[in-house]
Enquirer: 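This is the structure I want to talk about, given as structure tokens.
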Amino acid sequence: MPHIATTNPATGQVLKTYEAMSAEQLDGAIERTDLAYQQLRTTTVDQRARWMTVAADLLDAERDEIARIMTTEMGKTYASAQAEVTKCATAARFYADRAPGFLADEPADADAVKATRAFIRYQPIGVVLAVMPWNFPLWQVMRFAAPALMAGNTGLLKHASNVPQTALLLEDVFRRAGFPEGAFTTVLVGSDAVETILADPRVRAATLTGSEPAGRSIAQIAGRELKKTVLELGGSDPFVVMPSADVDRAAEVATTARCQNNGQSCIAAKRFIVHTDVFDAFAEKFAANMAALRVGDPMDPDTDVGPLASERGRDEVHAQVRDAVDNGATVLCGGEPPTGDGWFYPPTVVTDLTPTMRMWSEEVFGPVAGLFRVSSYSEAIEVANGTNFGLGSNAWTRDPAEQERFATDLDAGNVFINGMTTSYPELPFGGVKNSGYGRELSALGMREFCNTKTVWVGEGAASAGAGAHAE
């Protein structure tokens, strides 16, 4: 049976365990979610907006307790967990407010297609399976759930097995907000059950945030079943610093960008590519900033970096650092895990990297930064794009011409100039290359799981125009 449990990564102590669903229980959960879809699809977008607003209110009212559960389950600092809950409430309100416009009929040029009326209508498609990771256990789910439910779809959540309490909590929030029973259902199963779920004809699509191998597996199953998928996979985001940059500010933001969520973020900056003219100044400031971060109890308000989510994850990060050092890299700070309980790893900066080292091409999922020296803009782009990933990217320059070039030349789904990559409900989010495909958030994220239906009306139709429908 899969191990589904809350294990505190700050202590290694197992706090709560859950029994995985049986095949019969899983089938019942899928059936409830499908029945809820038959009901939810007939509701108005205004009714769904009222329920979504109540869900946002519940998240705000219960923020501190929800944050405590997240910190206990995966080790993020309590302050960052509180911010995550608030961000989820913001996204829920965003879709409650914007869904009527996102889903409104879009008139087309009727004359051009020889019709009296022609328009595009956005309608839900059914039950959507969400396979979600532990690193942002509430936000990763909410950025799918809010647009999906507002579109009239229902959600079936298979969350990471180390965050079961967070998974069940969100199901409870949507239920108490007023959504029909089963509209958002958590299934406590292992990854071996995903194929069964996705192959079920009652499930119409899937979204996954996770590793590249997991994405390949989901895509293979979905391809066989002819079902839509959105995949947000790994990233090894570049953080480029050019001579005109504000080096002090870049080094300050770089520290946060690398160590956010204890370094466990797909869009955390991981490869710091710095022009030789400012390399030494940036490296000195960056290493000092990283070394000054306080590692410790994630519930302590003075802690900057908590533990990694698992012992295996901590050991993998250290193995990547040791591989670099054994092959000639230089550690400017950190590099050795502390003794004692918990799965902690210090903020670490490694330089003198070469292509023979794992850190050159692999994503490092912990507070470890790789530092690269380049001598020109073209070399910076070559190193930045020299990866199989293409999720986020950062560029620091005060030169308007360079800013425009970076916006075009960086091969990524997101380009942030003079700021840290993050996700906003207002902007589409996703990657290219091995970082996945499809988009979350914004109107695009909502429409990923809609039937974009063409409606053509010929002579003899009623005179009412498109636009009254907002399903």
Side-chain angles (χ1 to χ4, degrees), residues 6-11 13 15 56-94 132-143 160 162-163 165-167 169-170 173 249 251-270 286 288-310 313-314 317 334 338 341-348 365-369 392 416 419-425:
T6 295
T7 302
N8 189 336
T11 64
Q13 181 182 4
L15 303 179
D57 293 342
L58 289 170
L59 290 171
D60 280 337
E62 300 168 16
R63 182 196 67 168
D64 292 350
E65 177 58 20
I66 297 170
R68 185 194 64 77
I69 290 172
M70 286 197 291
T71 295
T72 301
E73 288 202 304
M74 57 71 57
K76 66 170 68 245
T77 64
Y78 183 56
S80 66
Q82 290 174 308
E84 183 171 337
V85 180
T86 298
K87 186 172 185 176
C88 289
T90 299
R93 292 192 179 93
F94 172 83
M132 293 288 116
W134 45 261
N135 56 333
F136 291 93
L138 202 70
W139 171 241
Q140 302 277 17
V141 181
M142 180 58 78
R143 71 188 194 193
N162 61 330
V163 290
Q165 292 186 71
T166 305
L169 181 152
L170 194 54
V173 165
R249 178 61 179 160
E252 177 185 352
V253 174
T255 306
T256 303
R258 176 63 285 226
C259 293
Q260 60 172 309
N261 206 43
N262 306 339
Q264 301 165 123
S265 171
C266 294
I267 57 168
K270 300 182 176 80
F286 183 38
N289 290 346
M290 292 280 279
L293 295 176
R294 179 176 174 181
V295 179
D297 179 359
M299 291 299 296
D300 186 334
D302 293 328
T303 292
D304 299 304
V305 179
L308 300 193
S310 69
R314 190 270 308 273
V317 167
D341 295 333
W343 304 316
F344 296 92
Y345 202 83
T348 298
F365 219 58
V368 176
F416 280 66
M420 188 179 85
T421 303
T422 187
S423 54
Y424 296 96

Enquirer: Taking the side chain as every heavy atom from C-beta outward, state whether Arg93 and Pro425 have any atom pair closer than 4.5 Å.
Expert: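 With C-beta onward as the side chain, the pair stays apart.
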
Enquirer: Can you tell me how far apart CE (Met420) and CZ (Arg258) are? Round to the nearest 0.5 Å.
Expert: 11.5 Å

Enquirer: Please name all residues satisfying side chain to side chain donor-acceptor pair (under 3.5 Å) with Thr6, sequence neighbours left out, ordered by chain then number.
Expert: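 Here the qualifying residues are Glu73, Gln165.
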
Enquirer: Hydrogens and angles aside, do Ser310 and Trp134 bring a side-chain donor and acceptor to less than 3.5 Å of each other?
Expert: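 Ser310 vs Trp134: no donor-acceptor pair found between side chains.
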
Enquirer: Going from CE on Met70 to CG on Leu169, what distance comes out if it is rounded to the nearest 0.5 angstrom?
Expert: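 These two atoms lie 8.5 Å from each other.
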
Enquirer: Would a 4.5 Å heavy-atom cut-off, applied to side chains only, mark Tyr345 and Asn262 as touching?
Expert: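 Side-chain contact under 4.5 Å: no.
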
Enquirer: In Å, rounded to the nearest 0.5 Å, how long is the span from OG1 of Thr256 to CE of Met290?
Expert: 10.0 Å

Enquirer: With side chains defined as the heavy atoms from C-beta onward, is the minimum distance between Arg314 and Phe344 less than 4.5 Å?
Expert: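 No, their side chains stay 4.5 Å or more apart.
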
Enquirer: Using 0.5 Å steps for rounding, measure from the CG atom of Asp341 to the CD atom of Gln13.
Expert: 10.0 Å

Enquirer: Is the closest side-chain heavy-atom distance between Ser265 and Phe136 below 4.5 Å?
Expert: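 Yes - at least one pair of side-chain heavy atoms lies under 4.5 Å apart.
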
Enquirer: Just to verify, which of Pro307, Pro338, Pro347 counts as forming a side-chain contact (heavy atoms from CB on, under 4.5 Å) with Val295?
Expert: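 Among Pro307, Pro338, Pro347, the one that satisfies the side-chain contact (heavy atoms from CB on, under 4.5 Å) with Val295 is Pro347.
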
Enquirer: What's the spacing between Thr166 OG1 and Met132 CE if we round to 0.5 Å?
Expert: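 Interatomic distance, Thr166 OG1 to Met132 CE, rounded to 0.5 Å: 14.0 Å.
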
Enquirer: Can you pull out every side-chain hydrogen bond (donor to acceptor under 3.5 Å, both in side chains) where at least one residue sits in residues 292-309? Sequence neighbours excluded, please.
Expert: Arg294-Asp300

Enquirer: Report yes if some heavy atom in the side chain of Asn162 is under 4.5 Å from a heavy atom in the side chain of Thr7; otherwise report no.
Expert: no

Enquirer: Tell me every residue that passes side chain to side chain donor-acceptor pair (under 3.5 Å) with Ser80, counting only those two or more places apart in sequence or in another chain.
Expert: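 Counting only residues at least two positions away or on another chain, Ser80 forms a side chain to side chain donor-acceptor pair (under 3.5 Å) with Thr77.
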
Enquirer: Looking at Arg249 and Glu252, is there a salt bridge between them, counting it only when a charged N and a carboxylate O are closer than 4.0 Å?
Expert: yes

Enquirer: Tell me the closest heavy-atom pair linking Ser423 and Arg143, and the distance in Å.
Expert: OG-NH1, 4.1 Å

Enquirer: To the closest 0.5 Å, what do you measure between NZ (Lys87) and CG (Leu59)?
Expert: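 It comes to 14.0 Å.
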
Enquirer: Would you indicate whether the side-chain heavy atoms of Phe365 and Leu308 approach each other to under 4.5 Å?
Expert: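 No; the side chains remain at least 4.5 Å from each other.
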
Enquirer: Side-chain contact, heavy-atom cut-off 4.5 Å: Val85 with Glu62?
Expert: no

